[in-house]
Amino acid sequence: MSEGSEARDAVGDYKAGWHDPENSTIRFDFGLSEKVVRDISQIKNEPEWMTEIRVKAYRHFVERPMPTWGNTEELMEIDFDKVCYFLKSSEGIGSSWDDVPEDIRNTFDRLGIPEAEQKWLSGVTTQYESETVYHSIREDLEKQGVIFLDMDSGLREHEDIVKKYFGSVIPYSDNKFSALNTAVWSGGSFIYVPKGVHVEMPVQAYFRINAKNMGQFERTLIIADEGSSIHYVEGCTAPTYSTDSLHSAVVELLALPGAHIRYTTVQNWSNNVYNLVTKRGVAHENAKIEWVDGNIGSKLTMKYPAVILKGEGSHAEVISVAYAGSGQHQDAGAKVHHMASNTTSNILSKSISKDGGRGSYRGMAKVMPKAENCRMNIVCDALILDEESRTDTYPTMEIANSTAHCEHEASVSKVGDEQLFYLMSRGHTEAEALGMIVNGFFEPFTRELPMEYAVELNKLMSLEMEGSIG
Amino acid sequence: MSNDDEAILEVKGLKVGIEDTPILKGIDLRIPKGEIHAIMGRNGSGKTTTANVIMGHPAYDIEEGEILLDGENLQEMEPWERSRQGVFLSFQYPQSIPGLQVGNFLRKSVSSVRGEEAARGSDFRVKLNQAMEELDIPKSFLSRYVNDGFSGGEKKRFEILQLMLLQPRLAVLDETDSGLDIDGIRTVAKGINSVVKGTENGALIITHYSRILEHVNPDRVHVMIGGKIVASGGPSLAILLEDNGYDWLEEQIAKGADFQ
Ligand SMILES: Nc1ncnc2c1ncn2[C@@H]1O[C@H](COP(=O)(O)OP(=O)(O)O)[C@@H](O)[C@H]1O
Ligand SMILES: [Mg+2]
C-alpha cells in the first residue's frame with residue numbers, strides 16, 4: 001500500500017479494486033459437492049483423518065440452515081453453486097519474491113507488501129486465491145523455534161500439533177460457515193510460538209482474491225505456548241466485480257498460560273465480497289487475547305471475534321470498528337465467555353454508517369456460575385453521517401454469577417454542523433473536516449495498529465469522506 | 001466613508017436572519033488596517049451571529065448587505081476559503097473533536113491556512129513552542145484531543161494558540177475572556193497583541209466586560225443592542241458602559257444622546 005500504488009488504476013473510490021488476468025494452474029468448476037471436498041483433500045495429499053473431517057463438515061454444512069440473524073436477506077442471496085471453491089495460481093510457495101509468478105508479484109508490489117516486509121515485519125505470508133504464494137520468516141525467529149507456515153505446510157510438517165488443535169476451538173459444527181470452511185479450507189497461517197519466546201515485530205498475512213466468483217476459505221491456527229507472545233496482522237483486498245465473491249475464514253487461537261496473542265485485522269474487501277468469518281481464541285491461566293478488528297470493506301460482514309476465558313486471571317480485549325458505506329452491512333461485534341474466576345474483558349465497538357450503509361453491533365457476554373469476581377466492560381459507539389444510514393445494537397449478557405461486575409455503555413451520535421463549522425473555520429474543506437471527525441472517532445482503534453496500517457487507514461477513511469460531499 | 005482599500009474589514013448594511021427571524025438589523029462596521037475594535041453587548045444582542053456570519057456559518061441567511069475583507073466580498077466564500085483568505089474566529093464555545101490530536105490538528109490547520117511550507121519542520125515547531133510558552137500551555141497538551149475534556153480556560157487558551165499560529169489578517173474573538181481569571185485574561189490579551197500590535201492586521205473583540213479591553217486597548221468600541229450597533233466611541237465608552245450599564249445607555253439614546 002505504498003503511496004504510488006494509490007494513484008494507479010483506482011476503481012471508483014476503492015483503491016485495491018483492479019484485477020489481473022487469471023493464470024490458474026488448477027481451477028475447479030463452480031459449485032460444491034462431496035467430490036469437490038475430497039478432490040481438494042486429494043490434491044493436497046492430506047492424511048485420511050483430515051479428509052474425514054472435511055467430509056463430515058461438508059455434510060453438516062449441507063444440512064445446517066442459514067443463520068437466522070445478521071442479514072438474513074442478503075445471506076439468502078448467496079448462491080453456493082456459483083462459487084469457485086478451489087483455484088491454484090502458482091506452483092509451490094516462493095520464499096523469495098523472485099520465485100513468485102510475475103503478475104502475482106506485481107499485485108503484492110502494488111499493495112506494498114514487500115516494502116512493509118523489509119521495514120517492520122518478522123515474517124510475511126501472502127495468499128492469492130486458494131493458496132499461499134509467498135512466505136518468509138526472519139531467521140532468528142526460526143532459530144528460536146517459532147513456526148510460521150501456511151496451514152497446508154503446517155499440516156504436512158507438523159501433523160501432530162495440527163491434529164491436536166485443529167477444530168478444538170471452533171468445531172466444524174459451530175455454525176454453517178465454520179462447517180463450510182472446514183470442508184473446503186485452503187491456505188491460512190499456522191503459527192506456533194515456543195514457551196517464553198516473544199516475537200517482537202508483528203508477522204503479517206495478506207489475503208488477496210483476484211478471480212471472479214471466487215471463494216476464499218483460509219484456515220488459521222495460532223498457538224502461543226506458555227509465557228510467549230506474538231502479534232499477528234492480516235490485511236485483505238479484492239478486485240471490484242459486479243458478481244459476488246465469498247470469503248469465509250476460520251481462525252483459532254490458543255493462548256497457553258501466561259501467553260499473549262494480539263490479532264489485528266484490517267479488512268478492506270471490495271463491495272462485492274461476502275465476509276463471513278469465525279474467529280475465536282481460548283485464553284488459559286493469566287493469558288491474554290486481543291482482537292483488534294477493523295472492517296472497512298465487503299458487502300456483508302458477519303464477524304464476532306470471541307474469547308473463551310478458560311483459565312483463571314485471563315484477559316480479553318476486543319476492539320472492533322466498522323465502516324458501512326453505500327450498499328454495505330457490517331454486522332460485527334464480540335463474544336466473551338468468562339469460564340474462570342478473576343477473568344476480565346473489555347469490548348470496544350465503534351461503527352460509522354454513511355450513504356445508506358448499515359452498521360450493527362452484536363455482542364454476547366457470558367459469565368459462568370463458577371466464575372467468581374469477573375469484570376467486563378462493554379462500550380459501543382455509533383456515528384451516523386446522514387439520514388439514510390442506520391445503526392443497531394444487539395447486546396446480550398448472561399451473568400450467572402452474582403460477584404460479576406459488568407458495565408455497558410452505548411451511544412449513537414451524529415456529526416454536528418457546529419463541529420464541521422469549527423474545523424472549516426481552520427481552513428479545512430468540508431470533506432477534510434468530516435475525515436478528521438471520522439478518523440478521530442476511529443482513533444481508539446487506529447492507535448492500536450502498527451504505524452503503517454494506521455496511516456493507510458486514515459488515508460482510506462479520508463478518501464471515503466471525499467466521495468459524498470456535494 | 002473614505003478610502004475603502006485601507007479597511008481590513010468592512011461590513012455594510014448587514015441584515016441577517018435565521019429561519020425568517022431577523023437577528024441582525026443593519027450592521028455597519030469598518031476596521032481600518034492595524035486597528036482593534038470591540039463589540040460589547042448583552043446576551044442575545046447578536047454578537048455571536050455577527051462573528052459567525054463573518055466566518056461564513058452556513059445556518060444564517062444574509063438578507064441584505066455585504067462583508068468585505070481587504071475590499072474583497074466574502075459572500076460567496078465557504079468558511080475554509082475565508083480562513084485561507086485571512087479570517088479567524090475564536091469561538092465562544094469551541095467544539096470538541098474526540099480522537100483528533102491537538103498537535104496533529106495544529107499542523108494540519110497551519111498547512112491549510114498558511115501553506116505546507118509553514119507547517120513543515122523545525123520552523124513550525126519553534127513557533128509552536130514559543131506560542132505555547134507564552135500562553136502557559138504545557139507540552140502534554142499536544143497529545144490531547146481537540147477541546148475534548150478541556151476546562152473553560154484551556155479552551156480559550158487553545159483558541160488563542162491557534163490564533164497565534166494562523167496569523168490571520170482579521171481576528172474575530174467571541175467572548176474569549178469569559179470564564180478566565182485575571183491571569184488568564186492577561187495571557188490571552190498578550191496573545192492577541194502579539195498578532196495585531198505593530199502589524200497591519202486587525203481584530204474584532206467581542207466581550208461583555210471592559211476588563212480585557214484594558215489589556216488590548218481597542219481603537220474603537222461599539223455597543224450592540226437588539227441586532228444593531230447603537231453606540232460607537234473610543235475606549236472610554238467601554239468604561240462608561242461598565243460603570244452605568246446597558247439600561248442607562250439605552251435611556252440616554254432614547255433621550256437623544258448620540259454616541260456615534
Ligand atoms: N442558530 C440559531 N437558531 C435560532 N436562533 C438563533 C441562532 N443563533 C442565534 N439565534 C438568536 O439570535 C439572537 C442573537 O444571538 P447571538 O448572536 O448568539 O447573541 P450574543 O452572542 O450577543 O449573545 C438570540 O435571540 C438567539 O436566540
Ligand atoms: Mg455570544
Side-chain angles (χ1 to χ4, degrees), chain A residues 3 294 319 321 323 348-352 379-385 409 411-449 451 454-455 457-462 465-466 469-470, chain B residues 48 51-60 77-102 104-116 118-119 143-148 155 158-159 161-163 165-166 168 171-172 174:
Chain A
E3 296 234 342
I319 303 178
V321 304
Y323 168 76
L348 172 63
S349 156
K350 292 189 150 259
S351 76
I352 294 175
V379 178
C380 305
D381 296 326
L383 183 67
I384 307 184
L385 299 194
E409 246 178 71
S411 77
V412 177
S413 49
K414 293 188 173 160
V415 172
D417 291 341
E418 297 303 320
Q419 271 181 316
L420 286 174
F421 178 57
Y422 184 73
L423 294 174
M424 285 195 284
S425 80
R426 292 344 184 204
H428 308 293
T429 64
E430 191 171 353
E432 288 165 351
L434 201 52
M436 286 176 165
I437 292 169
V438 160
N439 282 329
F441 181 77
F442 273 169
E443 205 273 346
F445 170 77
T446 354
R447 76 164 166 242
E448 298 298 330
L449 297 179
M451 169 88 138
V455 169
L457 190 85
N458 280 338
K459 271 198 231 158
L460 197 64
M461 292 313 299
S462 299
M465 295 309 114
E466 267 169 31
I469 306 287
Chain B
T48 295
N52 279 346
V53 167
I54 293 172
M55 194 72 246
H57 195 300
Y60 301 91
M77 289 187 202
E78 299 281 332
W80 56 273
E81 292 171 301
R82 298 182 192 212
S83 157
R84 293 176 191 186
Q85 205 73 25
V87 184
F88 176 86
L89 173 58
S90 167
F91 282 64
Q92 183 175 7
Y93 302 112
Q95 295 288 312
S96 67
I97 317 288
L100 178 58
Q101 278 189 340
V102 165
N104 212 334
F105 171 64
L106 288 175
R107 190 181 284 276
K108 281 185 174 159
S109 299
V110 168
S111 174
S112 290
V113 174
R114 298 180 50 210
E116 273 176 47
S143 51
R144 293 176 67 184
Y145 300 143
V146 170
N147 291 315
D148 197 27
K155 283 185 183 167
F158 181 48
E159 294 296 284
L161 178 60
Q162 295 177 67
L163 167 74
L165 293 173
L166 296 177
V172 181
D174 191 1

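As the structure is a computational prediction, the values presented were derived from the model and not from experiment. Basis for what follows: all heavy atoms, side chains included, without hydrogens, waters or symmetry-related copies. Here is the naming used below: chain letters follow the sequence lines, and residue numbers restart at 1 for every chain.
- Formation of a donor-acceptor pair under 3.5 Å by the B:N147 side chain with backbone atoms of B:Q95 is found in this model.
- Of all the listed residues (A:H428, A:E432, A:M436), the one sharing the greatest number of non-hydrogen pairs under 4.5 Å with chain B is A:H428.
- Between chain A and the options B:L89, B:N104, B:V113, the largest number of non-hydrogen pairs under 4.5 Å is found for B:L89.
- Contact annotation for B:Q162: only side-chain heavy atoms (C-beta onward) come within less than 4.5 Å of a heavy atom of chain A.
- Proximity to chain A involves both the backbone and the side chain of B:P94, based on heavy atoms less than 4.5 angstrom apart.
- With hydrogens and angles disregarded, a donor-acceptor distance shorter than 3.5 Å links the side chain of B:S83 to the backbone of A:G427.
- Contact of the A:Y323 side chain with the A:L383 side chain is not registered, since no non-hydrogen atoms from C-beta on lie closer than 4.5 Å.
- Counting heavy-atom pairs under 4.5 Å between each of B:E81, B:R84, B:H57, B:E78 and chain A puts B:H57 at the top.
- Taking chain B as the reference chain and counting heavy-atom pairs below 4.5 Å, the highest number among A:E443, A:R426, A:R447, A:M424 is found for A:R426.
- To the nearest 0.5 Å, atom CG of residue A:N439 and atom CD of residue B:Q101 are 12.0 Å apart.
- For the pair B:P168/B:L163, a side-chain contact is recorded, criterion being any heavy-atom separation below 4.5 Å from C-beta on.
- Only the side chain of B:Y145 comes within contact range of chain A, with heavy atoms under 4.5 Å apart.
- Between the B:R82 side chain and the B:I54 main chain, a donor and an acceptor come within less than 3.5 Å of each other.
- Heavy atoms of B:V146 lying under 4.5 Å from chain A belong exclusively to its side chain.
- Looking at B:S111, neither its backbone nor its side chain comes within 4.5 Å of chain A, counting heavy atoms on both sides.
- B:Q92 contributes no side-chain N or O that, together with a main-chain N or O of B:D174, makes up a donor-acceptor pair within less than 3.5 Å.
- Chain B forms more heavy-atom pairs under 4.5 Å with one residue of A:F442, A:F441, A:F421 than with any other, namely A:F421.
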